[in-house]
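Note sheet for the following structure.
Atoms within a ligand are numbered from 1 in the order they appear, just like the ligands themselves.
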Amino acid sequence: MSEMIGAVAQEAMEEVDAVVVGAGFAGLYMLHLLRDKLKKRVAVFETADGVGGTWYWNRYPGARCDIPSHHYSYSFSEELQQEWTWSEKYAAQPEILAYLNFVANKFDLFRDIHFQTAITSAIYDEASAKWTIQTSAGKRILAKFFIPAVGTLSHANIPKFKGHDSFRGDVYFTGHWPKEGVNFKGKRVGIIGTGATAMQAIPLIAEEALHLTVFQRTPNYAAPLMNAPMDPVLDQQAKAMYPELRRQAWDSFAGVPFERLKPSALEVTHNERVAHYEACWNDGGFSLWIGSYQDILFDKRANETAAEFVRGKIRARVKDPAIADMLCPPVGQTYGTKRQPCETNYYETYNRDNVTLVDIKKAPIEEITETGITTTDASYEFDCLIYATGFDAFTGALFKMDIRGRNGQMLKERWSAGPRTLVGLAAHGFPNMFTITGPQSPSVLFNMPLGIEMHCEWIAECIEHMSENGVASIEANEREEDDWIAHVKEVADASLLPEATSWYLGANIPGKPRVFMVYLGGGKHYKDVISTIAHNGYTGFTLDRQQRLTDAPESVPTA
Ligand code: NA7
């Protein structure tokens with residue numbers, strides 16, 4: 001009887017083939033592939049009032065990509081590649097947002113996106129092999145596939161200091177920046193955090209504010225971005241050789257080629273090494289980090305050579321040796337095991353009279369007061385307070401939704417000791433759910449737009465395979481999931497990265513299990529792994545061909 005009631009309720013619900021959550025790089029391409037290539041009915045839900053995802057929310061001053069724009073863009077459409085022209089080597093947030101709007105218009109994507117609507121829950125029903133998805137607008141939707149494309153860095157980490165609500169001035173979060181912008185002219189500003197975000201924002205805010213006080217817990221190693229206006233000749237060259245450019249990207253570890261990469265920092269003389277670091281430093285971006293010597297992320301001695309090179313650069317750029325000391329990570333803090341921020345005039349900013357650096361490792365923040373911040377050493381007064389304190393990465397945005405798989409099991413519970421996925425695309429117990437650039441895939445250590453394309457194309461191919469073969473559901477097997485989790489750990493443990501207190505392993509969030517969440521096997525190898533799984537008929541997954549009573553003919557609206 002209750003099954004019948006359930007079936008009647010389901011009939012009344014709107015039904016689509018797939019619900020996609022998020023309209024950033026991932027959600028947009030997923031919609032395009034499923035709707036326009038596979039002719040599926042797709043509904044995309046997005047909490048913002050526009051497309052862009054991460055690039056919609058991160059409007060703070062200085063926000064820009066740190067992979068060259070010709071690479072940090074979709075590759076799936078040659079027409080798009082030729083039509084769009086970037087104005088800078090590394091595009092700023094407004095331009096990336098304009099690009100994503102251009103893409104959404106070009107491929108007529110807006111009509112299937114429900115804006116200002118969050119997904120509150122997604123519950124799998126084993127009998128029908130479908131998901132019931134609840135929106136913040138009070139709507140329930142039935143879908144065979146549930147695809148969170150929620151981004152890896154989209155759920156802000158806002159530390160709860162004592163008195164956190166008491167500040168009476170303006171409070172801003174970099175990951176949720178006001179659309180209309182902020183005018184800091186004449187203002188006393190405090191900023192907490194010195195990660196990649198803060199390093200982009202601080203130099204620009206310092207130019208505008210009356211005074212800027214930076215609260216630094218951990219000094220960071222950064223390298224210059226070396227951004228520049230786009231040279232029209234280089235742009236034409238890139239456009240003429242896009243297929244080759246993309247081939248080089250796919251062949252590389254991180255989805256962007258670095259031509260200078262050599263095997264070992266320890267196999268060369270000091271002078272050769274420094275000259276090589278200098279060349280990488282002058283290239284800018286991630287060249288020093290992942291394009292100089294392979295062993296700097298695996299061998300502590302090799303790592304220290306790069307670390308000392310960066311310390312030397314910091315000391316040369318910061319006039320006051322005491323401030324330079326505060327900005328230099330100490331020996332023992334490895335370089336690049338946290339994500340390397342890219343900066344423009346960051347270190348020189350501390351030569352300004354209107355900038356103060358406060359070491360909150362030495363004198364921790366005690367309290368947020370009505371007028372500012374009190375540390376164990378002193379009190380500081382502000383008109384504005386900025387949190388540049390990062391994200392609950394990888395799982396934060398997923399756990400915001402009440403996701404329940406087979407037998408009502410909550411994703412949050414199933415993953416309570418850390419994410420559990422098969423190749424970062426699917427999770428045991430959660431059939432017909434796919435994550436895009438989620439945990440245990442190369443995700444943030446691979447050029448994001450290309451990583452997103454790789455995942456969206458794999459998912460679309462899988463859904464096509466299911467349609468063609470009458471497969472009702474696909475689910476990752478627990479055994480292969482265990483194997484993948486062990487493999488991700490093994491590969492990570494061979495490197496120095498799990499030693500750092502980074503968001504790669506959830507170490508920035510109190511109470512979060514410390515599990516390394518990025519697959520470090522490299523994008524090229526990873527692509528081979530997931531392609532082989534697909535070509536061998538989805539090894540490691542269980543495909544259920546049983547027809548369901550509630551099966552609606554695909555691609556035909558039921559209402
Ligand atoms: P990050 O890299 O996580 O940086 C956050 C910063 O905030 C970092 O300096 C933290 O210090 C600091 N932080 C976080 N929590 C606290 C508390 N409780 N007290 C004091 N300071 C704190 O985030 P970003 O937004 O800069 O960058 C994230 C990614 O976004 C970036 O890598 C790009 O991929 C885009 P800590 O180092 O933890 O001591």
Side-chain angles (χ1 to χ4, degrees), residues 24-25 53-55 57-67 72 90 93 96 151-164 172-177 190-202 213-223 225 254 285-286 289-290 326-327 329-330 333-334 336-343 346 357-368 373-376 385-394 396-397 437 442-449 451 497 500-512 514 517-518:
F25 265 101
T54 300
W55 292 107
W57 297 109
N58 283 270
R59 296 165 187 256
Y60 61 85
R64 63 176 70 247
C65 61
D66 30 29
I67 283 182
Y72 196 86
Y90 298 92
Q93 177 272 339
I96 299 173
T152 48
L153 294 160
S154 49
H155 184 64
N157 165 41
I158 301 157
K160 291 268 182 286
F161 295 107
K162 184 179 163 203
H164 69 272
Y172 302 103
F173 306 99
T174 48
H176 217 122
W177 203 255
I191 184 166
I192 304 173
T194 52
T197 295
M199 284 199 180
Q200 288 185 329
I202 283 168
T213 306
V214 179
F215 292 88
Q216 170 188 278
R217 188 166 65 178
T218 313
N220 239 322
Y221 297 99
L225 184 63
F286 292 150
W289 183 32
I290 39 182
M326 283 164 74
L327 289 166
Q333 183 181 324
T334 42
T337 50
K338 278 182 165 184
R339 185 215 197 254
Q340 182 216 265
C342 297
E343 51 80 32
Y346 176 71
L357 180 64
V358 177
D359 181 346
I360 52 169
K361 193 157 261 170
K362 235 184 196 165
I365 293 178
E366 267 190 345
E367 168 172 25
I368 307 289
I373 289 180
T374 300
T375 69
T376 52
L385 190 53
I386 302 169
Y387 286 84
T389 42
F391 301 90
D392 182 354
F394 302 102
T437 63
S443 64
V444 293
L445 284 167
F446 191 77
N447 179 6
M448 267 294 177
L497 272 68
T501 52
S502 72
W503 52 262
Y504 291 152
L505 65 157
N508 61 329
I509 306 293
K512 193 167 172 172
R514 280 203 183 197
M517 287 179 277
V518 189

For ligand 1, indicate whether the residue L153 contacts it via side chain, backbone, both or neither (heavy-atom separation under 4.0 Å).
side chain
Among protein heavy atoms, which sits nearest to atom 32 (O) of ligand 1, and what does the distance come to when rounded to 0.1 Å?
R339 CD, 2.5 Å
Test ring-ring contact (aromatic ring centres under 6.0 Å, His included), reference Y72, set Y90, F286, F25, F446, output is F25
Only one of Y60, W177, Y387 passes ring-ring contact (aromatic ring centres under 6.0 Å, His included) with Y172; say which it is.
W177
Between the main-chain N or O of A393 and the side-chain N or O of T152, is there a donor-acceptor pair closer than 3.5 Å?
no
Of the protein's non-hydrogen atoms, which lies at the shortest distance from atom 28 (C) of ligand 1, and what is that distance?
W503 NE1, 3.8 Å
Show me which atoms of ligand 1 lie under 4.0 Å from any heavy atom of I360.
20 (C)
Specify the closest pair of heavy atoms between A198 and A388, including all atoms of both residues, with the distance to one decimal.
CB-CB, 3.8 Å
Min side-chain heavy-atom separation Q216-V358 under 4.5 Å
no
Protein contact to atom 36 (P) of ligand 1 [nearest heavy atom, distance to 0.1 Å]:
T218 OG1, 3.4 Å
Which bit of F161 is near ligand 1, meaning a heavy atom under 4.0 Å away: side chain, backbone, both or neither?
side chain
How about T437 and M448: do any of their side-chain heavy atoms sit closer than 4.5 Å?
yes
Nearest non-hydrogen contact with atom 27 (O) of ligand 1 belongs to which option: T389, T174, T197, I158?
T197
Hey, does V444 sit under 4.0 Å from ligand 1 if you only count heavy atoms?
no
Do T501 and K338 make a side-chain contact, defined as non-hydrogen atoms from C-beta onward lying under 4.5 Å apart?
yes
Numbering the atoms of ligand 1 from 1, which are under 4.0 Å from a heavy atom of G193?
6 (C), 7 (O), 9 (O), 12 (C)
Gap separating the CZ atom of F391 from the CG atom of N58, nearest 0.5 angstrom:
4.5 Å
Starting from atom 18 (N) of ligand 1, what is the nearest protein heavy atom, named by residue and atom, and what distance separates them?
P159 CB, 3.4 Å
Pick whichever of T194, T54, T152 has a heavy atom sitting closest to atom 8 (C) of ligand 1.
T194
Between G390, A388, P364, which one has a non-hydrogen atom sitting closest to atom 7 (O) of ligand 1?
A388
Option set R217, Q200, M199, criterion heavy-atom distance to atom 17 (C) of ligand 1, minimum
R217
Is there a donor-acceptor contact under 3.5 Å linking the side chains of Q340 and Y221?
no
Atom 37 (O) of ligand 1 - nearest protein heavy atom and its distance:
K338 NZ, 2.8 Å
Note the single closest protein heavy atom to atom 4 (O) of ligand 1, along with its residue, its atom name and the distance in Å.
G195 CA, 3.5 Å
Are side-chain heavy atoms of L225 and E343 found at a separation under 4.5 Å?
no
Is there a side-chain contact between T194 and V214, using heavy atoms and a 4.5 Å cut-off?
yes
Of all the heavy atoms in Y387, does at least one lie under 4.0 Å from an atom in ligand 1?
no
For ligand 1, is K361 a contact, meaning one of its heavy atoms is under 4.0 Å away?
no
